[in-house]
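Have a look at the structure below before the remarks.
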Amino acid sequence: MESKIVVDTLRRLRRLRTSPAVRALVQETRVEADDLIAALFVHEKIGPPEAVASMPGVFRHSLAELVKECRALSGLGIRAIAIFPCVEPQRKDTTGSEALNRDALILRAIREIKRSLPELIVIADVALDPYTSHGHDGLLNESGTDVDNDRTVEALARMAVLQAEAGADWVAPSDMMDGRVRVIRRALDAAGFSQTAILSYAAKFASAFYGPFRDAIGSQRAAGSAYLDKRTYQLNPANAREAIQEALLDESEGADLLMVKPAGPYLDILHALRARTLLPLVAYQVSGEYAQIQAAARNGWLDLKKARDESLLAIKRAGADMIITYFARAMAEALRTRGS
Ligand code: PBG
């Protein structure tokens, strides 16, 4: 017998999915080079870029190579970079004193880039973890059991001023200490840097997805075999309301932009925050999110380009205005080819 099922519907959403032209016309979200911020690593060594094993396609650059990379990114339409230093182990100590060295690698890197590419927005991370022998983001208390909030904030404010002096456009406290945005804002203003913006890592979770980054800058190595546990300052992955509180506090303390980190596993936080603040939102697609996609692709389990594009699109759709990502260069290259 013939089927008697009658599909009787007024709305057929598939009508607007029939061809590339229609799909492009109704597309709601797009990722463009303007949305992307490249995350880059710099080290003291000279010579060719050194591969980061857990992040295929990511390198530690010498100063000279870093500038070359920035020039290439800029040529692809990328407008901002976030630089992270891999500090030599012998320069690390318990207080992270190298962070306040006027000749620190990160400061030389900022100066070089701004000299060669004044238009490129340079974002400097404000936290002590690249510099401490224990790998924590701040100074430890007397008993060494926890990070001392207020003494850390003081060091961070000095660090931010040095970065602003070197030419950083945005300073980005990634440490999650209480009250640091206000102290940094005041310190910058007092030092004459009222135009230096603060991108606050406002909702930063104590995430397992930072693993490859810690390998890249050596903060995990600094901690030895013990897992680097930052749960007394980074947010509990279970807490959404607390994340919004963190972000709104940073806004009230003077942050110019707010960040949610990691990005992919925290799209609900981005989305909720989008509805509660008028500030620009930044999402950080972290090292583990990148490594996951790369690893699966290397195994032939995912299509690298499709997974990359979709991961970035989803972050924008959830409410991010811009995305810090290790895919920045590859994505910008793909956009360029597609656009032409
Ligand atoms: C720490 C910092 C971390 C990242 C950026 N800044 C990791 C951490 O908290 O240990 C992680 C970025 C990434 O995983 O890509 N100040």
Side-chain angles (χ1 to χ4, degrees), residues 36-42 52-60 81-87 92 96 98-99 106 123-139 147 149 152-153 155-156 159-160 163 168 170-177 180-181 184 198-224 226-237 243 246 259-266 282-295 308 311-312 315 323-329:
L36 305 173
I37 299 173
L40 300 172
F41 296 111
V42 60
V52 176
S54 48
M55 302 173 75
V58 172
F59 300 89
R60 299 182 191 90
I81 54 144
I83 336 168
F84 300 93
C86 311
V87 176
K92 300 188 183 193
E98 177 65 14
I106 184 76
I123 307 173
D125 215 56
V126 184
L128 296 181
D129 57 308
Y131 307 98
T132 52
S133 45
H134 41 72
H136 279 291
D137 289 26
L139 302 162
V147 174
N149 192 88
T152 297
V153 169
L156 296 176
M159 192 177 171
Q163 293 171 342
W170 299 357
V171 292
S174 68
D175 55 290
M176 291 299 282
M177 294 303 117
R180 89 279 206 222
V181 172
I184 291 172
I198 299 178
L199 159 56
S200 168
Y201 282 66
K204 175 171 178 179
F205 290 85
S207 170
F209 290 95
Y210 306 148
F213 175 95
R214 292 178 185 177
D215 287 340
I217 68 155
S219 61
Q220 178 59 51
R221 197 177 340 117
Y227 178 73
L228 194 47
D229 187 346
K230 301 192 177 182
R231 285 178 297 178
T232 70
Y233 45 105
Q234 298 178 347
L235 283 161
N236 181 344
E246 275 288 2
M259 188 196 295
V260 172
K261 173 186 175 185
Y266 295 89
V282 181
Y284 196 147
Q285 184 182 47
V286 302
S287 56
E289 299 177 71
Y290 177 84
Q292 263 183 320
I293 294 175
Q294 287 284 355
R308 171 195 72 201
S311 69
L312 294 168
I315 295 166
I323 308 170
I324 302 184
T325 173
Y326 302 96
F327 283 125
R329 182 167 179 168

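Just so it is clear, the model here is predicted, and its values are computed rather than measured. In listed order, ligands and their atoms are each counted from 1. As a basis for the values below, the full set of heavy atoms in this structure was taken, side chains included, without hydrogen atoms, waters or symmetry mates.
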Q) Looking only at heavy atoms, is any part of Asp129 under 4.0 Å from ligand 1, and if so is it the side chain, the backbone, or both, or is it neither? A) side chain
Q. Taking side chain as C-beta onward, heavy atoms only, is Met159 less than 4.5 Å from Leu128?
A. yes
Q.
Using a 4.0 Å cut-off to any heavy atom of Ala127, which atoms of ligand 1 qualify?
A. 16 (N)
(Q) To the closest 0.5 Å, what do you measure between CD1 (Ile293) and CG (Leu312)? (A) 7.5 Å
Q) Looking at side-chain heavy atoms only, is the closest gap between Ile217 and Arg60 below 4.5 Å? A) no
Q. Which residue owns the protein heavy atom closest to atom 8 (C) of ligand 1, what's the atom, and how far is it?
A. Lys230 NZ, 3.3 Å
Q. Considering only heavy atoms from C-beta outward, does the side chain of Glu246 approach that of Met176 to under 4.5 Å?
A. yes
Q: Give the residue, atom name and distance (to 0.1 Å) of the protein heavy atom nearest atom 2 (C) of ligand 1.
A: Lys204 NZ, 3.1 Å
Q) Quick one: which ligand 1 atoms are inside 4.0 Å of a heavy atom on Arg214? A) 8 (C), 9 (O), 10 (O)
Q.
Any nitrogen or oxygen of Tyr326 lying under 3.5 Å from a nitrogen or oxygen in ligand 1? Just yes or no.
A. yes
Q | Glu289 (side chain) donor-acceptor with Ala263 (main chain) under 3.5 angstrom | A | yes
**Q.** Tyr233, Tyr266, Tyr210, Tyr284 screened by ring-ring contact (aromatic ring centres under 6.0 Å, His included) with Phe205, the one that passes
**A.** Tyr266
Q: Please report which non-hydrogen protein atom sits nearest to atom 9 (O) of ligand 1, along with the residue it belongs to and the distance in Å to one decimal place.
A: Gln234 NE2, 2.7 Å
Q.
When you measure from the side chain of Arg180 to the backbone of Val126, do you find a donor-acceptor pair of N or O atoms at a distance under 3.5 Å?
A. no
Q. Hey, which atoms in ligand 1 end up nearer than 4.0 Å to a heavy atom of Tyr284?
A. 12 (C), 15 (O)
Q: Using the six-membered ring wherever Trp is involved, compare the ring planes of Phe41 and Phe213 and label them parallel, tilted or perpendicular (cut-offs 30° and 60°).
A: tilted
Q) Would you call Pro173 and Ile184 a side-chain contact if the rule is heavy atoms closer than 4.5 Å? A) yes
Q.
Considering non-hydrogen atoms of the protein only, which is the closest contact for atom 6 (N) of ligand 1, and what is the distance?
A. Lys261 NZ, 3.3 Å
Q: Please work out whether any backbone atom (N, CA, C, O) or any side-chain heavy atom from C-beta onward of Asp125 is under 4.0 Å from ligand 1, and answer side chain, backbone, both or neither.
A: side chain
**Q.** Part of Tyr290 with heavy atoms under 4.0 Å of ligand 1, whether side chain, backbone, both or neither
**A.** neither
Q | Where ligand 1 meets Ser174 - atom numbers and elements under 4.0 angstrom, heavy-atom basis | A | 1 (C), 6 (N), 16 (N)
Q: Considering heavy atoms of the protein only, find what lies nearest to atom 14 (O) of ligand 1 and give residue, atom and distance to 0.1 Å.
A: Ser287 OG, 2.7 Å
